[in-house]
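The model shown is predicted, which means the values in this text are computed figures rather than measured ones.
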Amino acid sequence: MRKFSILGLLVLLVFTACQKEVDFQADANNNNGSGSGNGSGNGNAQELTGSYRFVGVDGQTASTVSITQSGMTARTEATGIYYTKNNAGTLLIDATKFNFSNIGYLIDTSLKVKAYMNNILLVEQDQDWYYEMPPQTDAFTYRRVNADSLHFPGGFTLGSSLTPPNSIGTVPPPDGARISWSGDTLLLKMVMNVNTTVTQAGVPNQIRANSTNVMKFKKL
C-alpha cells in the first residue's frame, strides 16, 4: 500500500504539471473544414460575435504516469468525466477577440485510478478531484479559420489550464478550437494532449494525458 500512496501522488501530479506544457488542438485538423452541422439543425450559421453567459464545461480526461527505477516500472492510469458547477461569468466576442469577464466554476467529481507494478494491477479505486476556479477576466485574440474552426494565435488558457501561464513564466502555445451550436448556446470544443517528463527527487516521471473539454456559452 505504501507503493500505491506514492503512485497516488503522481496521479495528482498530472493535473498540476500538465498545466506547464500543454498543447490544445481542435478535435480534428483546424484546416480541414469537415462538416458544417451539429445535428441541431442550426449548423454553424449563427453569428459568432455578441454577448454570452457562461453556462459550464463538460469534459473527460485520461492520464498515465509512469516511473522506472531499479528495474521496476510503476504506472498509474486515471480517467474521469466531469461537469462543472457554480458556473459564473460572461463572454463578449467581437471581430478579433474573446473577452471574458469573471469566469468561474467548480469541479467536484472523482477519478477512476488504477495502479500497476511491472504491468501487474495492484489497486483500483476512486479518487476525489475537487477544484474551484476563482473568477478570471482576460481577453484572447482569435482568427476564424473556417465555418467551424477558430485559431488563437497567442494561446487560450481560460478554463483549460488551472495555472495561468504568467505564473510560470511561459507563453501558451497556439491553440485551436472547434465551434458548433446547440440552439442559442455556443459550444467551444478543445482537445488537450500532453506528453512530457517531470523530474522529482532525481527520478523522471513520464506523463501522457489527454482531455476533451466543451465550454458552453448561452447567447444573450
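Note that NZ of K85 is 7.5 Å distant from OG1 of T109, once rounded to the nearest 0.5 Å. The structure places CE of M133 at 6.5 Å from CD1 of I103, a figure rounded to the nearest 0.5 Å. Between the NZ atom of K218 and the CG atom of L220 there is a distance of 8.5 Å, given to the nearest 0.5 Å. Considering CG of D58 and CG of N213, their distance stands at 9.5 Å, rounded to 0.5 Å. Between the OG1 atom of T196 and the CZ atom of R208 there is a distance of 10.5 Å, given to the nearest 0.5 Å. Once rounded to the nearest 0.5 Å, the distance linking CD of E132 with CG of L106 reads 5.5 Å.
Using a 4.5 Å heavy-atom cutoff, the side chains of T76 and V65 are in contact. Between L48 and L186, some side-chain heavy-atom pair lies under the 4.5 Å cut-off. Two residues are said to be in side-chain contact when any heavy atoms from C-beta on lie closer than 4.5 Å; L150 and F140 fail this criterion.
Judged by distance alone, with hydrogens and angles left aside, the side-chain atoms of H151 form a donor-acceptor pair with the main-chain N or O of D175 at under 3.5 Å. Side chain of T137 to main chain of N102: a donor-acceptor pair is present (N/O by atom type, distance under 3.5 Å, no hydrogens or angles). Of the possible polar contacts, none joining the D126 side chain to the S110 backbone as a donor-acceptor pair under 3.5 Å is found. With hydrogens and angles disregarded, a donor-acceptor distance shorter than 3.5 Å links the side chain of N118 to the backbone of T73. A distance-only check finds no donor-acceptor pair linking the side chain of T185 to the backbone of K216 [under 3.5 Å]. Judged by distance alone, the side chain of K189 and the main-chain N or O of S180 form no donor-acceptor pair under 3.5 Å.
Side-chain polar atoms of T96 and T141 form no donor-acceptor pair below 3.5 angstrom.
F156 and F100 have perpendicular rings, their planes meeting at more than 60° on a 0 to 90° scale where under 30° would count as parallel. Classification of the W129-Y82 ring pair by plane angle, with boundaries at 30° and 60°, yields perpendicular.
Taking each heavy atom of N193 and N210 in turn, the nearest pair found is OD1-CB, 3.5 Å. Listed here is the closest heavy atom pair of V191 and T212: CG2-OG1, 4.1 Å. For the pair G56 and T84, the tightest heavy-atom approach, listed with the atom from each and the gap, is CA-OG1, 3.4 Å. Shown here for L121 and K114, the closest heavy-atom pair between the two residues is CD1-CB, 3.9 Å. Here the closest heavy-atom approach between residue A177 and residue F152 is recorded as CB-CE1, 4.0 Å. The two residues T49 and A95 make their nearest non-hydrogen contact at CG2-N, 4.1 Å.
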- [ ] Any chance you could lay out the side-chain contact (heavy atoms from CB on, under 4.5 Å) test for K219 and E47, step after step, and finish with the verdict?
- [x] CA-CA 10 Å; K219 200 162 192 178; E47 176 64 35; 3.9 Å; yes
Open item on the list: What verdict does the side-chain contact (heavy atoms from CB on, under 4.5 Å) test give for N119 and R75, after you've listed the backbone C-alpha separation in whole Å, the side-chain angles of each residue and the deciding distance to 0.1 Å?
Closed with: CA-CA 8 Å; N119 293 321; R75 184 177 84 254; 2.9 Å; yes
Open item on the list: With side-chain contact (heavy atoms from CB on, under 4.5 Å) as the criterion, how do L92 and K97 come out once you've worked through the C-alpha distance, each side chain's angles and the decisive distance to 0.1 Å?
Closed with: CA-CA 8 Å; L92 173 64; K97 289 185 179 181; over 6 Å; no
Open item on the list: As a quick check of understanding, evaluate side-chain contact (heavy atoms from CB on, under 4.5 Å) for Y105 and M215, giving each step before the final call.
Closed with: CA-CA 11 Å; Y105 58 74; M215 300 186 73; 5.6 Å; no
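Between Y52 and F98, the distance separating the two ring centers is not shorter than 6.0 angstrom.
With hydrophobic clusters built from ILVMFWY side chains whose heavy atoms lie under 4.5 angstrom apart, M72 shares a cluster with L122. Note on V214: it does not cluster hydrophobically with V55, by side-chain heavy-atom contacts below 4.5 Å among ILVMFWY residues. The hydrophobic clustering, which links ILVMFWY residues whose side-chain heavy atoms are closer than 4.5 Å, places Y131 and M190 together. I120 and V113 are members of different hydrophobic clusters when ILVMFWY side chains are connected at heavy-atom separations under 4.5 Å. By the criterion of side-chain heavy atoms lying less than 4.5 angstrom apart, applied directly or through intervening Ile, Leu, Val, Met, Phe, Trp or Tyr residues, F217 is grouped together with I179 in one hydrophobic cluster.
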